[in-house]
Amino acid sequence: MWRVDDSIARYGVSNWGNGYFSINNKGNLSISPDKNAAHSVDIMDVLCRMESSGVAFPLLIRFPQIIDDRLREITQAFRDSIIEFNYGGAYQPVFPMKVNQRKEVIEYLIDYGRPMNLGLEVGTKAELLAALTLELPKDALLICNGYKDEEYLRLALSFNDIHNIMIVVDLFEELYDVLRYAREMGVKPQLGLRFKLFSKGSGRWAESGGESSKFGLSTGEALETIRILAENEMLDSLKMLHFHIGSQITDIHRIKDAMNEAARVYAKIKRIADIEYFNVGGGLSVDYDGSRTSEPSSANYSLREYSNDVVYTLQKICDEEAVPCPTIVSESGRAIAAYHSFLVFKVIGKKNSKDGFATCPREGDPLQIEDLYFAFKNISIKNYKEYYHDALHNRDELLDSFNLGNIGLEERARGESLFWMVCQRAASLALQAADTSTEFKDLKKLISQKYIGNFSLFQSVPDMWGVEQIFPMMPLHRHREMPCETGTIADITCDSDGEIKKFAGKNGTRDCIELHKLTSGEDYYLGIFLLGAYQDTLGDFHNLLGCVNEVHVICDGSSWKVCGQIAGDSCEKLLRFFNYDPDGYINRTMERHMNRPDLPRILAELHKALSVYTYFNRASSHRELEAEASCSQAAGARVQARAGAGHEVLKMKV
Ligand SMILES: *Cc1c(COP(=O)(O)O)cnc(C)c1O
C-alpha cells in the first residue's frame, strides 16, 4: 500500500524542503515556517479558503516568516563560526535588491532584518530610489553597486548624511566622477572597492567572476584608486573591500579559493588604508534539486561550511599578516529569499493523445488493424520486444495506406488507438523485465502524459526557461494515493518552450514526474517551489499573461492567517502596460457600430473580458467535459475537445 512516506521519498521533499516543507498524514503539503513540525500550515486549508473567497489560480503563496527564519539562520551561522574560530570581528548581512525588488518582500526583509541590522545592496538608480522609499534603519548599510552615471552618483551622495551609504567603485573611471561630485556637493563619501579576483565561481554564473568578469577593478586599477584617493587626501573614505564571484556557487572549493585570494588582498590593502568592511558578495547556493552535489541546481556544502570557510580563512590570513580583522558583510540574496514563496496552479486537462482503447477489428478492416489487435491481446513478457517492433511496422504501413487514400479516418483512428495500447503494454512489460535499453526508455518518454497547468512558465519560473534551472515541484495533495501516471507539464502559453521537462530526482534530473490520475469533479493542485529569488521580477508577459494573484500567509502556532493579499493583473492592465488604449477602443466601437442591435452585448463582453484575470478562468472545464464524455461513452468514434489557448484539453468518446 502507498503511504505518505513513499510520497516524501518519491518527490524528495525532505531533500530540497530544508525543513520548511513536508507532507502531513492527510497526504497534503504542510509548511512549517520555523522548521518546527508543531507549527505547520496544511496547504489544503489555505486553498480551500481561497477557493471559497473566490481567489483565482494560479496563486503565488508567500510565507514571510520563512524570510525571517533564513535571515536568522544565516546570521546565526556566521555568529557561530565567529565564536568557533575566535574571530576578532563582527558579521552584518545585506540583501541585494536585484534578487527580489517587490516592495512587500523588501518590507518584510527590513522588518525582520532590524535585529541583525540588515542592509540593502542596489545596482541601479531605480533600485536606489526604491530602497530610499523604505524605512531602512539609519545605520544599516546601503551599498551602491553597478555602473553609476551622474544622477545615480549625485542621488547617492545627497543621501550620504541620512543613510549609511557605501559607494562601491565598480569601474575605474567612476572614481573621477565620485571625487568631482563629492567635492562639488561638499560631501565626504564612504567608498568601497570591488576587486576582480582571479578565482572564479562554479556553475551557471561562473563568468561573473574571474579575470574576464565585467565587474571589478584589476590589481593595477585598485592600486591606482588608492593612490588617487591618497593624493586627494581621501584615503580615509575607503571603507570596504568587495568581491562577488557569481551567484549559485555550487562547489565549496571555489569559495575557499576566492576567500584565500580576497583575504590576502584585504591584508595588503589594510596596511595602506583603514578598511572596515570585508564584503564577500553573494553566491551562497540553494539546493534546488536536493542532490547535495556541485550540479548547477544544487550545492555540495552546507550553510555552516560556508560561514566557517569565510570566517576561518579571514582569521587565519589576518593572523599571518598581523592586521586587524574586518567586519564581515555578505550579500546572500538567493539563500535568503528563495524558500519563502511557491506557485500553486491547477491542472486544466491532459493532452493524452497517446491513450488508446481497444476496439475489435471490423469487417473489411485492413490486416494491420487485425495484427495490432492480436498484438494487444497476446503481448507478454516473453514477446514484448518483437510485438512492439511489429506494432511500429503496422502503424507505419497504416499511415502509408492512409496517405495513398486506401483507408479512411475511422480506420486510421482505430489503428492508432490500438497502436498506443500496444505501446502502453510493451512499456509496462519492459519495466517488469527491468529492460533499460534506450529503445524502451524512449518509449516510456513517448507514452508519458502531458498535463496542462494553468500558469505561464515565462511569467512565474523564468529561470526554468532561460537557464534551464530546476525548481522542485510536486502535487499539493493526494499523497496517500500512489501517483500512477508519469508525464511532463505544459503551461497555457502557445509556446512549445512553455513546458516543464526536467524534474529533480534522487539520482539527478529526470525527464518526467509522477502524477495522479485526474478525477472528475475534483481539482488537482500542483506546486512549484523555491521561487522567491530572481523569479518575481525576471518573469515576462509572454502571450500577455500577467502577474499572478498573491497571498501572504503567517503561521500562528497551530493556526494560520492571511497577512497580505495582492491582486494579479487584469487583461486591461496588461493592455495598458503595452500602450494599448481600451477606453479609446470601446468608444470607437460604440461610434462605429451605433446601429447594431447587438451592440450592448458586444460592449458587455468587452468590459467583462477586460476586467478579468489573464489566466485560464474556467476552473471546472475538465469536469464538465469529462461528465459529458462518460455519458456518451457507448458510441464509437473519438472527438477532440478543444478549449483555452488552442490546447487539447481532453479527448473523449462520443
Ligand atoms: C547578484 C549579486 C548578489 C546576490 O547573489 P546571490 O547568489 O543571489 O546571493 C550579491 N552581490 C552582488 C554584487 C550581486 O551582483
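Atoms within each ligand, like the ligands themselves, are counted from 1 in listed order. Nothing fancy with the numbering, it's 1 onward along the sequence.
Counted by atom type alone, Asp463 and Gln535 present one or more donor-acceptor pairs between their side chains at under 3.5 Å.
Considering all non-hydrogen atoms of both residues, Phe95 and Ala337 come closest at CE1-CB, 3.9 Å.
Heavy atoms of other residues, nucleotides or ligands lying less than 6.0 angstrom from CZ of Arg304 number more than 12.
Ligand 1 lies under 4.0 Å from heavy atoms of Pro96, Lys98, Val99, Glu121, Asn145, Arg194, His242, His244, Ser247, Gln248, Gly282, Gly283, Glu331, Ser332, Gly333, Arg334, Tyr534.
A cation-pi arrangement is not found for Lys196 relative to Phe243, the charged atom failing to lie both closer than 6.0 Å to the ring centre and inside a 45° cone about the ring normal.
Between the CD atom of Glu107 and the CG atom of Leu136 there is a distance of 12.0 Å, given to the nearest 0.5 Å.
Classified by interplanar angle (parallel below 30°, tilted 30° to 60°, perpendicular above 60°), the ring pair Phe63/Phe342 is parallel.
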